[in-house]
Every structure is written in C-alpha cells, then in structure tokens.
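First the structure, which I've put down as structure tokens, then a few questions once you've had a look.
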Protein chains: 2
Amino acid sequence: MVVSEKTSKSTRIQRARREEILQAALEEFSQHGFRGASINKIAKRAEMSTPRLLYHFKDKEALYRELLKSTLLLWLGPLQMLSDTDEPIEEICAYICRKLEMSRKFPRQSRLFAGEIILGVPLGQAEVFEPLRATFESKIDLLQSWMKSGRIAPVDPHHLIYSIWATTQHYADFEAQIADLSPQKMPGLYTQAEGFLLPMYRKYLAVE
Amino acid sequence: MVVSEKTSKSTRIQRARREEILQAALEEFSQHGFRGASINKIAKRAEMSTPRLLYHFKDKEALYRELLKSTLLLWLGPLQMLSDTDEPIEEICAYICRKLEMSRKFPRQSRLFAGEIILGVPLGQAEVFEPLRATFESKIDLLQSWMKSGRIAPVDPHHLIYSIWATTQHYADFEAQIADLSPQKMPGLYTQAEGFLLPMYRKYLAVE
DNA sequence: AATTTTTTTGATCACGTGGTCAGTTATTGT
DNA sequence: ACAATAACTGACCACGTGATCAAAAAAATT
C-alpha cells in the first residue's frame, strides 16, 4: 500500500515554498472561491512567478485540494476530541466552545470550507471528505449511547450536530453580515455567542 | 423622486427575456458564485446569444445585482411577517417553520445569498442590503419588548435571530454535506429538522 | 403600407486565464 | 571540484472571458 508515495523526498525548500503558496492560496480561495480565484494572483501574493508556483503544485486543483485537505483536518479536530465522560452535557458545551474558538481564530479556513460545500467544486467525488464521515458517525454513536443511558435528553443526534455546526460556523462564514448588523464589535461577539448558545443547549439536553 | 425611472416602458418581450435570463443566472451564480459564473454559460442556458443577453442587462454585475435584489426580498419575507402577538413563542416557532420552508423550496436562492455574504462581491458597498438592516432592527425591538414584558425568556435577541438563520439556512446551504451524512433522504429531513429545532427554541424561550 | 423603434445577430475585440517548455541558475551529494 | 539534480525564469500558447458595434430582422406605431 502506497501511503504518500515520496514524502521522504520533500526538500526543505519544497516545504518552505509550499507553505508560502498555501498561505497565499488560503487567502485567495477563501475570498473568491475555487473558480473565482486565480493562480496568477496567488503567485503574486506569494511573491513568485506563476511557473514557479506550478513547479511546486502541478495545477490549480492540486493546490486547492491540498489546502482543503489540511483545512478539513483543522475543522475536524474539535469534533474528534469529543469523547465519553460522565458529564456529557459539559463535554458537548466544551465542543461548542472549541468550535466557536475555531471560527474566531480561523475564519478564512471556515469560509474556504463553507464555500467548498456550498459551491461544490467537482473534485472527482471528493475522497477528501471521507475522514469526516467516519468521525461523524462514531460521534453519533457516542451521543446515542448517552441518550440511551439517560444522561442527556433524547433528541435527534444528527440534527444536534448540524445545529452546532450551523450556529458556531455562522459567526465566521457570515461575518460580513453579522458585523454589519451587530452593535457589538467582532471580538466581544464570540463571548456573547457563547453566553447565548451554551444555556440553550444545556437546557435542551438536560435530562429533566 | 424617481422611483424606478422607466418601468412603464418595459415591454412584454423585455419582461419575458429578463425572466428567462434571471432564471438561468440563478442557476449559474448559485452554483459557481459571482466570479466563477460566466455570462456566456448563462446565455447558453437561457438559449440565447451573449450579446442578446447583454442587450437586456447592461453587464454581468447588473444582472447579478438584480438577481440578488429579488433574492433578498424573498429571503426577508419570513422575517417581516414576524409581528406582535400574545403567544410570542408560537410566533417565533412559526418564523422558524417559514425559514425551513424557504430552505426547502428555494435552496438555490439561499445558496446565492450565502455565497454573496461569504465571498462578498464588492457591489459598491451594497445598498442592496439596506432593507435587511431596517427590518432586522425593528424585529430586535419586538423581541426585546416580549422579553421586557416577561413573555419570553430574556436572551440576547441578536444571537437568537442569528441562531435561527444559521440553523434553518444550514439545510439549504450545506445540503451537499448533509445529504452525504444523513441516513434520511432530503425531503423527510426538513420534518426532522422541525422536530429538532422547535422543541429546542420552545424550551429555551419558555418563561419558566 | 410606410416608418420608426425595438430586438437580435455575427463578427470582433482586448484581456486574463491556466498551463507548457526550453533553457538557465542554484543546490546538493560525491 | 564536479556532476547530477533541484529550483527557477521568461517567452509563449490556446482558450474562455466580458463586452462592443454595425447592420439586419422583427415588432410596434402611424
């Protein structure tokens, strides 16, 4: 089984340049989407010529794919940390906090991810998203076990996760709208969001 | 005050062609975003030549702008219907249902709107969104009056609306992801979503 | 029926796009 | 020091983009 072909062969120069490129690519792709972004502008942002960029990534899609892969891993982190405990409600609240933290710290990654799902670039039926599916299903099981043992209220676990994703990512993805409508400036907003969301889920999931 | 310049002059041919074009444009823009969409493909989809399309809309941005304008109106409808009543919780639940219905019936419009906010096409500091702001603020006031009179629990009204937007739109905007992760097929999903969301908000907003 | 106005066409434009390639320079291992 | 390989450059290409325009066709008005 070939795991990653020739990772060992990657030079430090390769690693350095690829990092610079990915940085610039994140900026462009998250602002304009896959089709709207141009490798020329990405190259310019990374302070190099287009052929030089294409020396390190064989084409636009390969670049996007890799960026998306690492973004998915980042995105998935908080969910993977969700594990069995004797205080499941607090565990879920901690997950919500991690997701909010994610939106606050990495809004561009969040938007890249959102853009990909909304616009749906055809990536050969995206095996990129496979890890998500596996993790998701295992956490669904975990939630169901908590419900069966009566430690959290019995609600649909799928929609529970969807709603957490929706409410937390919303602050990064729709930042433009929220910034326009909120009296509060952006940083303090996340504290407010926490103050709103945690009690909501606590009440909903409380056993009694 | 010039309301709409020369609406009276619009021929039935103009109205018909513009409608065909807007239909095709919705498809393309919602799938590829503003920059990713091409007027050539929109024209092809509407079964006409590009110059013919450009005869009815002076340029790409004008077409997008108009599409976005009508979409915003559609999007805003459910919120505008929210009005004072002696059963505020049920009024809010009805609003949630309307938003879910919106996602189910007009997913492309929802995605167009989401894409616009996430990617943020520079539309001359978008006066397009002005009506949203006004409606939003008046509904915030309404919610606050309900809270002050103790008819719903005192929670942050801004975040309450954000969370409703987030959870309801999520089903349209992230349809690809949800369809991939859900055992249930799409139509039934909205019934489930309602079954999950309404109790959550009912519990959270209950006065006692 | 004649004329004016609206609508449509086909040819064409400059430009930015993603991408290639032969050749040059820098880096590396021996 | 030298050969081999990695890293980069500049010129270039075919193509799709948004958009224009003169002229033709169709419709509406008289």
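Protein chains get the first letters and strands the later ones, always in sequence-line order, with residue 1 at the start of each.
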Legend entry - Short N-O contact, B:E137 and B:R133, less than 4.0 angstrom: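 Yes, B:E137 and B:R133 are salt-bridged.
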Legend entry - Centroid-centroid under 6.0 Å between A:F196 and B:Y204 rings: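 Centroid separation for A:F196 and B:Y204: below 6.0 Å.
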Legend entry - B:K41 side-chain N/O to D:dT17 phosphate OP1/OP2 under 4.0 Å: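 Yes.
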Inset, instruction - May I ask you to evaluate whether A:T11 reaches the phosphate of D:dA6, defined as a side-chain N or O under 4.0 Å from OP1 or OP2? - result: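 Looking at the OP1 and OP2 atoms of D:dA6, neither is under 4.0 Å from any side-chain N or O of A:T11.
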Inset, instruction - In plain terms, say whether B:E20 and B:R17 are close enough for a salt bridge, that is, a side-chain N and a carboxylate O under 4.0 Å apart. - result: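 Between B:R17 and B:E20 there is a salt bridge, with a charged N closer than 4.0 Å to a carboxylate O.
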Inset, instruction - Answer yes or no: does a side-chain N or O of B:Y55 lie under 4.0 Å from OP1 or OP2 of C:dT7? - result: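 Indeed, a polar side-chain atom of B:Y55 lies that close.
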Inset, instruction - Measure from the ring center of A:F29 to the ring center of A:Y64 and say whether it is less than 6.0 Å. - result: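 That pair passes the under 6.0 Å test.
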Legend entry - Residue mapping more 5' on DNA chain D - nearest nucleotide basis, A:M48 or B:P51: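 In this pair, the answer is A:M48.
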Legend entry - Contact nearer the 5' end of DNA chain C, comparing A:A37 with B:H56: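 Per heavy-atom nearest nucleotide, the more 5' residue is B:H56.
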Inset, instruction - Determine: side-chain N/O of B:R17 to OP1/OP2 of C:dT8, distance under 4.0 Å, yes or no. - result: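 Yes, within the criterion.
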Legend entry - Under-4.0 Å side-chain N/O to phosphate OP1/OP2 contact, B:S49 with C:dT8: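 So the side-chain polar atoms of B:S49 never come under 4.0 Å of the phosphate oxygens OP1 or OP2 of C:dT8.
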Inset, instruction - State whether B:N40 places a side-chain N or O below 4.0 Å from either non-bridging phosphate oxygen (OP1 or OP2) of D:dT17. - result: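 Answer yes for this pair, as a side-chain N or O of B:N40 is under 4.0 Å from OP1 or OP2.
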Inset, instruction - By nearest nucleotide on DNA chain D, pick out whichever of B:R12 and B:D59 is the more 5' one. - result: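 Nearest-nucleotide comparison on DNA chain D picks B:D59.
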Inset, instruction - Evaluate the side chain to side chain donor-acceptor pair (under 3.5 Å) criterion for residues A:H159 and B:Q192: first the C-alpha distance (whole Å), next the side-chain angles of each, then the deciding distance (0.1 Å), finally the verdict. - result: CA-CA 8 Å; A:H159 293 267; B:Q192 286 185 353; 2.8 Å; yes
Inset, instruction - Give a yes/no answer on whether the side chain of B:K58 brings an N or O atom under 4.0 Å of OP1 or OP2 in D:dG18. - result: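 B:K58 to D:dG18 OP1/OP2: no side-chain N or O under 4.0 Å.
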Inset, instruction - Choose from C:dT9, C:dT7, D:dC8 the nucleotide whose nearest atom is closest to any side-chain atom of A:I13. - result: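 The closest nucleotide is D:dC8.
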Inset, instruction - Counting heavy atoms from C-beta on, name the nucleotide in D:dG18, C:dG19, D:dT9 closest to the side chain of A:R52. - result: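 Of the options given, the side chain of A:R52 lies nearest D:dT9.
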Inset, instruction - Would you indicate what A:L54 reaches in the nucleic acid, counting non-hydrogen atoms under 4.0 angstrom: base, sugar-phosphate, or nothing? - result: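 Base: the residue A:L54, judged by heavy atoms under 4.0 Å, touches a nucleobase.
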Legend entry - Short side-chain N/O contact to C:dT6 OP1/OP2 from B:Q14, under 4.0 Å: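 B:Q14 to C:dT6 OP1/OP2: no side-chain N or O under 4.0 Å.
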Inset, instruction - Establish, with yes or no, whether the OP1 or OP2 oxygen of D:dG16 is under 4.0 angstrom from a side-chain nitrogen or oxygen of B:S38. - result: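 No, B:S38 has no side-chain N/O under 4.0 Å of OP1/OP2 on D:dG16.
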Legend entry - C:dG18 phosphate, OP1 or OP2, under 4.0 Å from A:T50 side-chain N/O: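 Result: no.
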